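Both backbone and side-chain heavy atoms feed into the values below; hydrogens, waters and symmetry mates do not. Just so it is clear, the model here is predicted, and its values are computed rather than measured. To find a chain, count down the sequence lines: A is the first, B the second, and so on, and within it residues start at 1.
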Amino acid sequence: MAELNFSQRVYEVVRGIPAGKVATYGQVAALAGNPRNARIVGYALHSNPEPGVIPCHRVVFRDGSLAPGFAFGGPEKQRELLEQEHVRFIPPSKAEAAGAGGWRADLEHCQWQA
DNA sequence: TAAGTGACGGGCT
DNA sequence: GAGCCCGCCACTT
């Protein structure tokens with residue numbers, strides 16, 4: 001396991017996120033070994049060697065917003081997938097434009113705790 | 001081998 | 001309270 005690259009660790013961590021739960025990039029980065037490598041987590045997930053196996057749609061920003069560069073059909077698709085997993089969402093209170101129209105995952109109740 | 005790029009996070013103005 | 005800037009480190013070319 002120790003021979004796994006940081007990206008490989010990221011994949012292992014993300015695959016460990018259960019349905020109905022979401023994790024932040026920073027959280028995944030921390031579990032992968034480097035709390036400040038949230039950026040690398042995004043880069044690693046962008047490679048996404050196993051789409052459908054790695055639930056990268058369960059990884060969100062630290063404020064609960066979705067990734068703008070989601071490549072599974074759009075941020076709305078990501079929100080739809082999470083809603084099907086019973087992940088609570090907070091509707092945009094203002095003219096938010098981040099991710100799926102400003103919708104943010106309710107980290108208060110659905111954030112994954114490793 | 002070296003430089004650039006990038007799904008972020010936190011701090012400062 | 002909101003927005004902007006800088007820093008970090010692995011992966012790609």
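For A:His86, there are no side-chain hydrogen bond (donor to acceptor under 3.5 Å, both in side chains) partners, not counting sequence neighbours. Listed by chain and residue number, nothing satisfies the ring-ring contact (aromatic ring centres under 6.0 Å, His included) test with A:Tyr43 (two or more places apart in sequence, or in another chain). Residues passing the salt bridge (Lys or Arg N to Asp or Glu O under 4.0 Å) test with A:Arg15, sequence neighbours excluded: A:Glu12. Scanning for side-chain hydrogen bond (donor to acceptor under 3.5 Å, both in side chains) contacts around A:Gln111 gives A:Gln27, with sequence neighbours left out.
Where A:Tyr25 and A:Arg62 each meet DNA chain B at their nearest nucleotide, the meeting point lying more 5' is that of A:Tyr25.
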For every nucleotide of nucleotides 7-13 of chain C, 5' to 3': is a protein heavy atom under 4.0 Å from its base (B), only from its sugar-phosphate (S), or from neither (-)? BBBSBS-

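Distance A:Leu82 CG to B:dA7 C1': 14 Å, rounded to the nearest Å. Going from atom NZ of A:Lys77 over to atom C1' of B:dA7 covers 19 Å, rounded to whole Å.
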Less than 3.5 Å apart, which donor and acceptor atoms pair up between the side chains of residues 30-39 of chain A and the rest of the protein, not counting sequence neighbours?
none

